[in-house]
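What follows is a short report on a single structure.
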Amino acid sequence: MGHKLLEVKDLMVDYRTDLETIHAVNGVGFGLDQGETLGLVGETGAGKTTTALAIMRLLPERTGRIVQGDILLNGASVIEGTEKALQRLRGETMAMIFQTPMTSLNPIVSIGNQIAESILLHNTQGRSEGEIQQRVDEVLNMVGIPPARKKEFPHQFSGGMRQRVVIAIALACEPDLLIADEPTTALDVTIQAQVLLKIRDLRDRLGTALIMITHDLGIVAQTCDNVAVMYAGELVETGTARDIFTSATHHPYTRGLFDSIPRLNQKVRRLRPIPGLMPDPTDLPIGCFFSPRCPQARPVCREERPPVFSSGSQRIKCHLFGDQEGFAQAGP
Ligand code: SF4
């Protein structure tokens, strides 16, 4: 049997300073096949971006540490790779789109040259200057920017167009895996829809696997095959998007996320917060990390870590499912 494109195994990531250790990711595991889209959902501070940065091996050098687990890309460990090998992987095999396009673009280099630089960095096919320019035009066309504008600078584009430039740079080398971290949060709703459509279209045309990090369950419903709900650095519920959106049973945190979806007539689609705060990542609770906020918490929840129970594609980390019909224990 072939490898999965991406396998994240029992990943733990800490940020360490002289004063404290922040446990940002606490045993996350999932896999992704070619062309598949995974929605990574949860509140700010849940560890979504840290997971993505660990996969890209872009954790801050001084503080970020992968303390446990492995990340396999096409069967090979990303954790063990040299910086040189990683540079080749980033761009060629995997690329990431960040939330704020202005910070990932160089303000004093034309957008055409920024895309060309990305192609040059991974010019394994030995493209000539003419061929590189041809490729720049191709990717600009792909994201719906007229190639005639390639000599312009980032400030001459609107927010939505700038995010398209970032996508063009990420896709210039046709990576197998694209991680989009809240790619549309900074954009207004109409532009959001256009950018999402573009990402979906490119995924379908190029067969790129996609990890979509978002707060927005609407985006997940429109875009993703599978969903992973993250809380305090762990996956509390995973499943196919179909199961997650049709199932009547959920982890109490996922239920809170669903309950917090604003009504259709509301303009802002960001989630309303669930009451309470995420636990202090330097001092996580002994039992279930959600227990201080969980309306269904039992005494056992404050004393013992919950196991994972599964039913069909759904996997839920919660004590309640020990006696839920149709669910069986699937992991520690
Ligand atoms: Fe709530 Fe207990 Fe389930 Fe945690 S394990 S989500 S506290 S019911």
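Atoms within a ligand are numbered from 1 in the order they appear, just like the ligands themselves. Every heavy atom of this structure was used, including side-chain atoms; hydrogens, water molecules and symmetry mates were not.
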Query - Face-on cation placement of R315 at F309 ring, 6.0 Å and 45° thresholds - result: no
Query raised in the report: When the ring planes of H155 and F153 are compared, do they come out parallel, tilted or perpendicular, using 30° and 60° as the limits?
Result: parallel
Report summary line: Separation between OG1 (T214) and NZ (K48), nearest 0.5 Å, reads 8.0 Å
Query raised in the report: Between H251 and ligand 1, which part of the residue brings a heavy atom under 4.0 Å of the ligand: side chain, backbone, both or neither?
Result: side chain
Report summary line: re atom 4 (Fe) of ligand 1, the protein heavy-atom contact at minimum distance is C288 SG, 2.4 Å
Query raised in the report: Going by the angle between their ring planes, with limits at 30° and 60°, are Y231 and F290 parallel, tilted or perpendicular?
Result: perpendicular
Report summary line: If you scan protein heavy atoms around atom 8 (S) of ligand 1, the nearest is L320 CG, 3.5 Å
Query raised in the report: Against heavy atoms of A297, which atoms of ligand 1 measure under 4.0 Å?
Result: 7 (S)
Requested in this report: For ligand 1, note which part of S291 has a heavy atom under 4.0 Å away: side chain, backbone, both or neither.
Outcome: both
Report task. Among all protein heavy atoms, pick the one closest to atom 2 (Fe) of ligand 1 and tell me residue, atom and distance. Result -> C301 SG, 2.2 Å
Query raised in the report: Same cluster or not: are V109 and V143 linked, directly or through other Ile, Leu, Val, Met, Phe, Trp or Tyr residues, by side-chain heavy atoms under 4.5 angstrom apart?
Result: no
Query raised in the report: What distance separates C288 SG from R293 CZ, expressed to the nearest 0.5 Å?
Result: 11.5 Å
Query raised in the report: Taking 2.8 Å as the cut-off, does an N/O/S atom of C294 lie below it from atom 1 (Fe) of ligand 1?
Result: yes
Report task. Write out the residue and atom name of the closest protein heavy atom to atom 3 (Fe) of ligand 1, then the distance separating them to 0.1 Å. Result -> C318 SG, 2.3 Å
Query raised in the report: Just how far is it from atom SG of C224 to atom CE of M212, taken to the nearest 0.5 Å?
Result: 6.0 Å
Report task. Around atom 5 (S) of ligand 1, find the nearest protein heavy atom and jot down its residue, atom name and distance. Result -> H319 N, 3.3 Å
